[in-house]
Amino acid sequence: MLGEYKPAVVSFHFGLPSAELLARVRSWGSKILSSATTVEEALWLEAHGADAVIAQGLEAGGHRGIFLSEDVNSQVGTFALLPQVVRAVKIPVIAAGGIAGAGGVAAAMALGAAGAQVGTAYLLCPEATTSAVHRAALKSEAARRTMLTNLFTGRPARGIVNRIMRELGPISAVAPAFPLATSAMGPLRAASERRGSGDFSPMWAGQNVTGCKEIPAADLTRQLAARV
Ligand SMILES: Cc1cc2nc3c(=O)[nH]c(=O)nc-3n(C[C@H](O)[C@H](O)[C@H](O)COP(=O)(O)O)c2cc1C
């Protein structure tokens, strides 16, 4: 599918695909990025052909890019991980996790990042397909409490704590393997959202939602880059 578009950048999560697939991506001239959650993962990505590495700190919303270990206790905060990755690899390092404003971007650059990757702050932008229950949760005090959970997809991801996370986990050994948990939870999620409830929905968010603004993504990007 990507071969039809030949994008300038292809960014992976959960490591990298097989060497043959990666060679195909490279043959189009695409730059290859992937997330590292530890120094070991950053070194592995560099050795296996990444052009730049995203240092994804524990604060980040959504899925952990963790791929060399299953132990989420091994995960490191952004501003502890970033300078160690910068020191360990020769390729550019992009900082991710908890960065929500121009100050956070500038701090990441001061620690050696070549760029910053921001996810959570964009979730209220009109362009985002964030669901109604997710938007409401992001705007509420509930958004201050996020946890890593495997209940919604089978892999650990950070989201706003809701009923199913409280009652089953948030990390459960009986969650179906990735990505099967998504369809297992689907009917419950759909029925619940029809009633306006996010009790069974993944509501991905990082530990810092203070940057979420209901403004166009381009304007938010300009604000984030104001001190670069
Ligand atoms: C709703 C949501 C969906 C995400 N989906 C992906 C994804 O598909 N692929 C990916 O590499 N990272 C994904 N991420 C993770 C981000 O790339 C990034 O690591 C993270 O958002 C940075 O931390 P922050 O959320 O605190 O800004 C997602 C994050 C969020 C919040």
Side-chain angles (χ1 to χ4, degrees), residues 1-2 7 9-17 25 30-38 41-42 45 50-67 72 75-82 85 93-108 111 113-139 142-149 152-162 178-179 182 189 198 201-213 217 220-221 223-225:
M1 193 186 79
L2 285 175
V9 175
V10 178
S11 182
F12 294 99
H13 220 44
F14 315 136
L16 290 169
V25 175
S30 304
K31 294 287 182 199
I32 293 162
L33 270 56
S34 186
S35 303
T37 67
T38 57
E41 288 179 349
L45 291 172
D51 295 302
V53 66
I54 301 156
Q56 190 198 33
L58 185 55
E59 298 92 323
H63 283 93
R64 307 266 341 118
I66 184 169
F67 63 94
V72 288
Q75 301 289 272
V76 186
T78 302
F79 285 172
L81 178 65
L82 173 64
V85 172
V93 180
I94 298 160
I99 298 171
V105 174
L111 288 175
Q117 187 185 72
V118 175
T120 298
Y122 286 95
L123 289 176
L124 293 183
C125 291
E127 294 91 339
T129 56
T130 314
S131 69
V133 291
H134 193 174
R135 282 177 189 268
L138 284 163
K139 290 192 242 178
R144 283 201 211 126
R145 201 165 140 75
T146 65
M147 284 188 185
L148 293 180
T149 180
F152 298 108
T153 67
R155 281 202 199 238
R158 183 174 296 285
I160 297 169
V161 175
N162 59 2
F178 182 88
T182 308
R189 172 186 178 180
S201 303
M203 297 190 289
W204 304 140
Q207 288 181 328
N208 185 359
V209 298
T210 60
C212 296
K213 293 182 185 169
L220 184 58
T221 304
Q223 292 184 11
L224 285 161

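In listed order, ligands and their atoms are each counted from 1. Starting from 1, each residue takes its place in the sequence as its number.
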Using modelled atom types and a 3.5 Å cut-off, is there a donor and acceptor pairing between side-chain atoms of Arg158 and backbone atoms of Arg64?
no
Quick one: nearest non-hydrogen protein atom to atom 31 (C) of ligand 1, plus distance?
Gly61 C, 3.8 Å
Please list the nearest protein heavy atom to atom 21 (O) of ligand 1 with its residue and the distance rounded to 0.1 Å.
Gly119 CA, 3.3 Å
Run the side-chain contact (heavy atoms from CB on, under 4.5 Å) test against Asn208 and tell me which residues pass, sequence neighbours left out.
Ala100, Thr210
For Val118, the atoms of ligand 1 under 4.0 Å from one of its heavy atoms are 27 (O)
closest protein heavy atom to atom 11 (O) of ligand 1 is His13 ND1, 3.1 Å
Evaluate the 4.0 Å heavy atom contact test for atom 15 (C) of ligand 1: does a protein atom fall under the cut-off?
yes
Among all protein heavy atoms, pick out the one at the shortest distance from atom 24 (P) of ligand 1; state its residue, atom name and that distance to 0.1 Å.
Thr120 OG1, 3.5 Å
For atom 3 (C) of ligand 1, the protein heavy atom that lies nearest, with its residue and separation
Trp204 CD1, 4.4 Å
Evaluate the side-chain hydrogen bond (donor to acceptor under 3.5 Å, both in side chains) criterion for residues Thr78 and Glu59: first the C-alpha distance (whole Å), next the side-chain angles of each, then the deciding distance (0.1 Å), finally the verdict.
CA-CA 7 Å; Thr78 302; Glu59 298 92 323; 2.9 Å; yes
Might you work through the side-chain hydrogen bond (donor to acceptor under 3.5 Å, both in side chains) test for Tyr122 and Thr130, ending with a clear yes or no?
CA-CA 10 Å; Tyr122 286 95; Thr130 314; over 6 Å; no
Checking Thr37 against Gln56 for the side-chain hydrogen bond (donor to acceptor under 3.5 Å, both in side chains) test, could you report, in this order, the C-alpha distance in whole Å, the side-chain angles of both residues, the deciding distance, and whether it holds?
CA-CA 5 Å; Thr37 67; Gln56 190 198 33; 6.0 Å; no
Only residue of Pro17, Ser30, Pro7 satisfying side-chain contact (heavy atoms from CB on, under 4.5 Å) with Val25 is Ser30
For ligand 1, is there an atom lying under 4.0 Å from some heavy atom of Asn208?
no
Contact between Ala121 and ligand 1, counting heavy atoms under 4.0 Å?
no
Are the side chains of Leu33 and Phe12 in touch, meaning some heavy atoms are under 4.5 Å apart?
no
Are the side chains of Pro156 and Val72 in touch, meaning some heavy atoms are under 4.5 Å apart?
yes
Under 3.5 Å, is there a donor-acceptor pair between the side chain of His13 and the main chain of His63?
yes
Can you find a protein heavy atom under 4.0 Å from atom 7 (C) of ligand 1?
no
Close aromatic pair by centroid cut-off 6.0 Å: Trp204 and His134:
no
Give me the residue, atom name and distance of the protein heavy atom closest to atom 22 (C) of ligand 1.
Gly97 N, 3.5 Å
Can you tell me the protein heavy atom closest to atom 4 (C) of ligand 1 and the distance?
Gly62 CA, 4.8 Å
Ligand 1 to Gly98, heavy atom cutoff 4.0 Å, flagged ligand atoms 23 (O), 24 (P), 26 (O)
Ligand 1 versus Leu123, non-hydrogen atoms closer than 4.0 Å: side chain, backbone, both, neither?
side chain
Out of Arg158, His134, Gln117, indicate the one that has the non-hydrogen atom closest to atom 17 (O) of ligand 1.
Gln117
Nearest non-hydrogen protein atom, atom 19 (O) of ligand 1
Gln56 NE2, 3.2 Å
